[in-house]
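Report on the following structure.
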Amino acid sequence: MRARPAPSRPGLTGLARLTGRGGLLPALVVLCLLAAPVLAQDSPRRLTPPEARSFALSLLHQGEPRAARALALGLLQKDSRDYTALMVLAEAESRLGRPAAAKFAARRAWRSTTVEQERFAAAFVMSSILKSEQKFGQAQLWLRRASAATDAPHYEAAARTAYRRVQAENPWSLSFNLSLAPSSNVNGGPKDNSYTIGGLLVDPTAVPLSGFEIGTMLSLTRRFKPGEVGRLSFGLRHDARRYLLSSAARRAVPTARGSDYAFSALDAHLRLDFASAQERARTSAEIGLNQVWHAGSSLATSQRLRLSRGFSRGRHAFASYGLTLQNQTRHDSALRSNTSYTLDGFALIQRPDTSLWRYGASLSKVQSAAAVIAHTAAQLSLSYHPATPLLKAKASFAADLQLRAYDRAIYYRLFNDTRKRRDHRLSLSANFVFEDIDYMGFSPSVTLNATRNISNITFFDSQEFGLSLGIKSTF
């Protein structure tokens, strides 16, 4: 005989309490979802399967895992897919220090049922067993499975809460992003192509080319245990962008290929964080190495040093500022090698309605022997995260304004213009994450963006409009 879920089950109140109970979590989940009244036994007699299940749960609750295990094994001899018996066995084996047997039982329980709450409980128990073995990555995967098993908001919220706790204990952090973005200007070409040089038309490949950008990002971070001087972490990040030109772009410039604009970068960093006693402020020092490839060839190698400090003001405000020194060696042209200095900062403020605003600013100086590289830039940024969904999606909006002044005038020979180049660049974006469409904590996202660069040397005027489709983690 297989146990079936009771007609009525406890709500979130029991589940919310158990999310912080450490090793008791699996048993309490089982009890919350499956517990039935315990029948008093006035005299020895043979238990029916429902009575045996109830008694086994009671034994677990009373701290008798060996007796509960024996009862569960007896039930499984009658029905190897008895969900309640498998869950009791998983918890009993875990308490007895037999994680392999506990995982086997929990996995069997997961496979034995199609009831949403039961699958949620089985995945939750499996995650707790893996967490006790410090297999944090696998524990996080099973919590994603738990979230995907049910559409009940309170169960999903419990899975997310548990996921964040496991994530905080996991020394490894892995993130990735995949996006597909149609673009009107994949090559960053100028807005118009009306300039003539020596009576000849500017190279037609300078015109904007439309197409698709396929972007991937993979990031891996390893945090080490805090030491006397702070907490050390090491990170690797790989970014890649590939392009497919539209048929219109191929007709306009038959020699152009999407691979001509392919870009990839590999970044490695070592970071040391120093936190104050109250964790209200944090000072960080970071060194990094970066390698960039363009069109399949090595483009640049850079080294950087960054110092930053962040601090919170209560529960609703956080601010940070930092200084970055970077030295870049260009492999396409040694003349374009450069050194940059950047001072930046931002503030995060949560409003009473729980909406979030981010204000940012930066000032940078780039020194180089190449006049097309040496410049000074200032940037202001603003982003807004509404508290409530918009168009049934979690939305965010951002705007960036950059002012760039180049050090030397070099275009008098090409354009008969003696002015130093001055650019004003405005970028606007809107991002929507459709959390109602969810699988294992991943949801589709749509990003709309527009960029306009206005230069006093109009050859460098450009504009771009794009739409990016991606997948994001909602945990």
Side-chain angles (χ1 to χ4, degrees), residues 137 172-189 205 208-222 233-247 249-250 253 255-271 286-304 306 324 326-333 336-338 340 373 396 398 400 425 427 429 431-433 439-451 453 462 464-475:
W172 291 94
S173 176
L174 177 67
S175 62
F176 71 93
N177 186 52
L178 174 66
S179 64
L180 174 64
S183 174
S184 63
N185 193 354
V186 299
N187 61 327
T205 59
L209 300 177
S210 60
F212 291 88
E213 176 188 287
I214 303 172
T216 57
M217 185 281 294
L218 180 65
S219 176
L220 179 66
T221 302
R222 175 65 163 91
S233 63
F234 172 76
L236 285 173
R237 178 185 172 111
H238 182 264
D239 289 277
R241 293 197 293 269
R242 300 292 183 267
Y243 296 95
L244 301 174
L245 298 182
S246 66
S247 56
R250 292 195 298 270
V253 186
T255 58
R257 299 289 183 271
S259 58
D260 297 339
Y261 312 104
F263 167 90
S264 61
L266 180 63
D267 186 274
H269 74 265
L270 192 65
R271 176 171 174 158
E286 178 181 307
I287 56 174
L289 297 173
N290 183 273
Q291 175 67 46
V292 177
W293 294 267
H294 179 258
S297 300
S298 178
L299 179 64
T301 303
S302 59
Q303 307 84 35
R304 71 177 180 277
R306 177 171 173 79
T324 304
Q326 178 170 285
N327 181 69
Q328 183 182 79
T329 302
R330 291 286 292 264
H331 303 302
D332 59 334
S333 171
R336 295 191 174 192
S337 298
N338 60 85
S340 64
I373 299 295
S396 62
D400 294 272
R425 185 182 183 89
S427 297
S429 66
N431 178 257
F432 302 90
V433 180
Y439 180 71
M440 294 182 63
F442 295 99
S443 296
S445 68
V446 175
T447 302
L448 306 174
N449 60 77
T451 301
N453 189 74
S462 66
E464 179 181 356
F465 301 96
L467 180 149
S468 176
L469 307 177
I471 300 173
K472 290 191 176 182
S473 173
T474 57
F475 273 37

Quiz item: Can you tell me if Arg250 uses its side chain to pair, donor with acceptor, with the backbone of Leu245 under 3.5 Å?
Solution: yes
Quiz item: Do Leu209 and Tyr261 pass the side chain to side chain contact (heavy atoms under 4.5 Å, CB included) test, and can you show the C-alpha distance, the side-chain angles, and the key distance before you say yes or no?
Solution: CA-CA 11 Å; Leu209 300 177; Tyr261 312 104; 3.4 Å; yes
Quiz item: Does atom CZ of Phe212 have more than 12 heavy-atom neighbours, drawn from other residues, nucleotides or ligands, at distances under 6.0 Å?
Solution: no
Self-check item: Heavy-atom check, side chain of Asn290 versus side chain of Gln326, under 4.5 Å
Solution: no
Quiz item: Do the side chains of Trp293 and Leu266 get nearer than 4.5 Å, heavy atoms only?
Solution: yes
Practice problem: Report yes or no: is the cationic atom of Arg222 (NZ for Lys, CZ for Arg) closer than 6.0 Å to the six-membered ring centre of Phe234, at no more than 45° off its axis? | Solution: no
Self-check item: Rounded distance (nearest 0.5 Å) linking atom OG1 of Thr255 with atom CG of Asp260
Solution: 7.5 Å
Quiz item: Between the main-chain N or O of Thr451 and the side-chain N or O of Ser427, is there a donor-acceptor pair closer than 3.5 Å?
Solution: no
Quiz item: From Asp267 CG over to His238 NE2, what is the distance, rounded to the nearest 0.5 angstrom?
Solution: 11.0 Å
Quiz item: Does the pair Leu467 and Thr447 meet the rule for a side chain to side chain contact (heavy atoms under 4.5 Å, CB included), with working shown?
Solution: CA-CA 6 Å; Leu467 180 149; Thr447 302; over 6 Å; no
Quiz item: How close do Arg330 and Ser333 get, heavy atom to heavy atom, and via which atoms?
Solution: CB-O, 3.3 Å
Identify all side-chain donor-acceptor contacts of residues 294-302 below 3.5 Å with residues at least two apart in sequence or on another chain.
| residue | atom | partner | partner atom | Å |
| --- | --- | --- | --- | --- |
| Ser298 | OG | Gln291 | NE2 | 2.8 |
| Thr301 | OG1 | Gln291 | OE1 | 2.5 |
| Thr301 | OG1 | His331 | NE2 | 2.8 |

Exercise. Check the pair Met217, Ser179 against side chain to side chain contact (heavy atoms under 4.5 Å, CB included), reporting the backbone distance first and the verdict last.
Key: CA-CA 9 Å; Met217 185 281 294; Ser179 64; over 6 Å; no
Self-check item: Any residue meeting side-chain contact (heavy atoms from CB on, under 4.5 Å) with Leu218, in chain and number order, not counting sequence neighbours
Solution: Leu174, Phe176
Exercise. Taking the side chain as every heavy atom from C-beta outward, state whether His269 and Arg237 have any pair of such atoms under 4.5 Å apart.
Key: no
Quiz item: Going by heavy atoms in the side chains, are Arg304 and Glu286 under 4.5 Å from each other?
Solution: yes
Exercise. Please say whether more than 12 non-hydrogen atoms of neighbouring residues, nucleotides or ligands are located less than 6.0 Å from CD1 in Ile471.
Key: no
Quiz item: Taking atom types as modelled and ignoring hydrogens, do the side chains of Ser233 and Thr221 form a donor-acceptor contact shorter than 3.5 angstrom?
Solution: no
Quiz prompt | Distance, nearest 0.5 Å, that separates CZ of Arg242 from OG1 of Thr216 | solution = 7.0 Å
Quiz item: Considering all heavy atoms of both residues, which atom of Phe465 and which atom of Ala450 are nearest to each other, and what is their separation?
Solution: CD2-CB, 3.7 Å
Quiz item: Under a 4.5 Å cut-off applied to non-hydrogen side-chain atoms, are Lys472 and Asn431 in contact?
Solution: yes
